[in-house]
Amino acid sequence: MPFDFNALKDILRCPKSKSELVLDGNSLVSVDPDCRLRYEIRDGIPSMFPEDAATLSVQEWSAVMAAHGRDPVSGKPNVNQ
């Protein structure tokens with residue numbers, strides 16, 4: 001069964017920073033610019049252990065945020081969209 005992010009996006013949070021997450025391909029990315037963790041989704045189940053997550057570079061994280069209509073510096077939603 002595929003992971004249904006839309007059904008859970010209002011309750012899922014980054015375990016480390018407690019920030020929102022965005023679905024980026026087959027992973028969830030924290031919107032916290034200080035955290036920048038990417039949690040992989042395997043077999044439809046997100047692995048939400050911070051010690052197993054990958055830390056994105058500032059450039060990678062900024063690109064993910066921009067792709068999801070978020071400010072590439074703060075991670076906050078763009079109000080112009």
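What's counted below: heavy atoms across the whole structure, side chains too, no hydrogens, waters or symmetry copies. Throughout, numbering of the chain's residues begins at 1 and tracks the sequence.
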Quick check for you: to the nearest 0.5 Å, what is the distance between [X] atom [atom1] and [Y] atom [atom2]?
{"X": "Ser27", "Y": "Arg42", "atom1": "OG", "atom2": "CZ", "result": "10.5 Å"}
{"X": "Phe3", "Y": "Asp43", "atom1": "CZ", "atom2": "CG", "result": "13.5 Å"}
{"X": "Thr55", "Y": "Leu37", "atom1": "OG1", "atom2": "CG", "result": "4.5 Å"}
{"X": "Asp32", "Y": "Lys76", "atom1": "CG", "atom2": "NZ", "result": "10.5 Å"}

Identify the two heavy atoms, one from [X] and one from [Y], that lie closest to each other, and give their separation to 0.1 Å.
{"X": "Pro46", "Y": "Gly44", "result": "CD-O, 4.0 Å"}
{"X": "Ser62", "Y": "Pro72", "result": "OG-O, 2.7 Å"}
{"X": "Pro50", "Y": "Met48", "result": "CD-O, 3.4 Å"}
{"X": "Ser74", "Y": "Pro33", "result": "O-CD, 3.4 Å"}
{"X": "Arg13", "Y": "Leu21", "result": "C-CD1, 3.7 Å"}

Can you tell if the side chain of [X] reaches within under 4.5 Å of the side chain of [Y], non-hydrogen atoms only?
{"X": "Ser47", "Y": "Ile41", "value": "no"}
{"X": "Val22", "Y": "Met65", "value": "yes"}
{"X": "Arg70", "Y": "Val64", "value": "no"}
{"X": "Cys35", "Y": "Ser19", "value": "no"}

Expected output: side-chain Trp61 to main-chain Val29 donor-acceptor under 3.5 Å = no

Under 3.5 Å, is there a donor-acceptor pair between the side chain of Arg36 and the main chain of Leu56?
-> yes

Should Leu23 and Leu12 be regarded as members of a common hydrophobic cluster, given that ILVMFWY residues are connected when their side-chain heavy atoms come within less than 4.5 Å of each other, either directly or indirectly?
->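 Same hydrophobic cluster.
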
